[in-house]
Amino acid sequence: MQAKSVRGARGVQMEEVWAAADAVLGLGERPTIERVRQQLGRGSPNTVGPMLDGWYGSLARRLQGPADPADAPAEAEVPLPAPVVRAAKALWGRALQQADEQTAAQWAQSRATLDGEAQALRAAQDEVAREKQRLDDRNAAYAVAMQARDAQIAELVRQTQELQQQLQACQQQLEGLRSESVQLRQAADAQRLQHEARDMEHRAERARLEERAQSQERRLNTEVDRARQESKRLAQQLEVDGRKAAKALADAMDRSRELDAQVGSLQTERANLGRELQSARDEAQGLQAKLDARSNDMLAVLNELRDRLPATPPAPTPGAASKTRARRGKG
């Protein structure tokens, strides 16, 4: 088939492009758009490109055409010159070889790429499996940790309940201590009333002693004053002891409030509170013993005073008085 006389843009025709391509092929070079344009000296790539594609499409048929131009039919395409045919065949062979080599290289590169991707995929799968195992181990560790935390929370709840029970017991002990303190105060008041009554008795006894024995007035006054001072001292001591008991009670109440505020450290302070309660109880018992001892001392002093008083002389009878006057008259 003859090349059609297609006029391209800027006056470039098909046969001119084909002739330029044949000339470039005759020079032993591969016809390209740039080489054909250089051979023509004109033409744009958009115009030369489609015409060059048509030249490549007819190149195989032209290479397979009869070697002798006289044997070719009249309507057949004009065969290429023998040097051009040899160059075209050599170029075609090199092109096929390059295509095969390029295909083999691309296949090898694709195979290597696929092998690399497969290896990377296997590595990624191994990494995913390891990560999954780590996640499973971590989940198992988390489950164990959560169980331990639940057990710890249950233990803390149990300890909190025990501390609350201990706090209630301490509060009950504190109430008992308050009740004992009230009882001690009542006993101290009763003891004070007894001392006052005894003081009144002492005063009455002193009055009777003054009436009966004027000669021993100073001594008795001194003894009574001493007893009064002792009574005052005992009263002051009772007041001081009452203040101490009140202070001990206030201290116990402060400790109770501290105990309420420091529930977290109740386990440690429980022993201290027990010791303080025992100390307060011992102090109360000591106070009771001291009061009993002082009461006994006061009774001893009163008995001693009573023993020191002289016996009241008997009153003279009327007969004895007349006899005494008679003796005096005789004298």
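Everything quoted here is computed from the prediction, not taken from an experiment.
For the atom pair CZ of R226 and CG of L305, the computed distance is 8.5 Å after rounding to the nearest 0.5 Å. Taken from CD in Q236 to CD in Q229, the straight-line distance is 8.5 Å, to the nearest 0.5 Å. Interatomic distance, CG of L234 versus CG of D297, reported as 8.0 Å (0.5 Å rounding). Taken from CD in Q152 to CD in Q159, the straight-line distance is 9.5 Å, to the nearest 0.5 Å. In this structure, the separation between CG on L25 and CZ on R35 is 11.0 Å, given to the nearest 0.5 Å. Distance check, rounded to the nearest 0.5 Å: OG of S181 to CD of Q186 gives 10.0 Å.
At distances below 3.5 Å, not a single donor-acceptor pair connects side-chain atoms of R37 with backbone N or O atoms of R42. Side-chain atoms of D199 never come within 3.5 Å of backbone atoms of H195 as a donor-acceptor pair (strictly under, hydrogens ignored). T160 places a side-chain N or O within donor-acceptor distance of the main-chain N or O of L156, the cut-off being under 3.5 Å.
Side-chain atoms of T32 and R30, non-hydrogen and from C-beta on, do get closer than 4.5 Å to each other. For the pair V301 and E230, the minimum side-chain heavy-atom distance is 4.5 Å or more. L52 is not listed as a side-chain neighbour of W18, based on a closest heavy-atom distance of 4.5 Å or more. With contacts defined as side-chain heavy-atom distances shorter than 4.5 Å, the pair K244/L287 does not qualify.
A salt bridge does not link E180 to R185: none of the charged nitrogens lies less than 4.0 Å from a carboxylate oxygen. Classification of R208 and E205 as a salt-bridged pair holds, one side-chain N sitting under 4.0 Å from a carboxylate O. Note on K247 versus D251: salt bridge recorded, some NZ/NE/NH1/NH2 to OD/OE distance being below 4.0 Å.
The shortest heavy-atom contact between Q39 and A23 is NE2-CB, 3.8 Å. In terms of heavy-atom proximity, P31 sits nearest to V24 at CA-CG1, 3.8 Å.
Within a 6.0 Å sphere centred on CD of E155, heavy atoms belonging to other residues, nucleotides or ligands number more than 12.
Clustering ILVMFWY residues whenever any of their side-chain heavy atoms sit less than 4.5 angstrom apart, transitively, puts L299 in a cluster other than the one holding M200. Both V48 and L59 are assigned to one and the same hydrophobic cluster, defined by single-linkage of ILVMFWY side chains at heavy-atom distances under 4.5 Å. Using a 4.5 Å cut-off between side-chain heavy atoms of Ile, Leu, Val, Met, Phe, Trp and Tyr, with links allowed through other members, L40 and M51 fall into the same hydrophobic cluster. Under the 4.5 Å side-chain heavy-atom criterion for grouping Ile, Leu, Val, Met, Phe, Trp and Tyr, M14 is connected to Y56 within one hydrophobic cluster.
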Audit row: Q194, S295, side-chain contact (heavy atoms from CB on, under 4.5 Å) steps and yes/no: CA-CA 9 Å; Q194 290 178 2; S295 298; 5.8 Å; no
Derivation of the side-chain hydrogen bond (donor to acceptor under 3.5 Å, both in side chains) call for D137 and Q133: CA-CA 6 Å; D137 296 340; Q133 184 64 33; 3.1 Å; yes
Derivation and outcome, salt bridge (Lys or Arg N to Asp or Glu O under 4.0 Å), residues D126 and R122: CA-CA 6 Å; D126 295 338; R122 287 193 296 272; over 6 Å; no
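The side chain to side chain contact (heavy atoms under 4.5 Å, CB included) test with L121 is passed by exactly one of E117, Q125, Q119: Q125. Here the options are Q166, Q165, Q161, the test is side chain to side chain contact (heavy atoms under 4.5 Å, CB included), and the partner is L163; only Q166 passes. Partner of E175 under the side-chain hydrogen bond (donor to acceptor under 3.5 Å, both in side chains) criterion, chosen from Q172, R178, Q173: R178.
With hydrogens and angles left out, the side-chain atoms of Q278 and D282 include a donor and acceptor closer than 3.5 Å.
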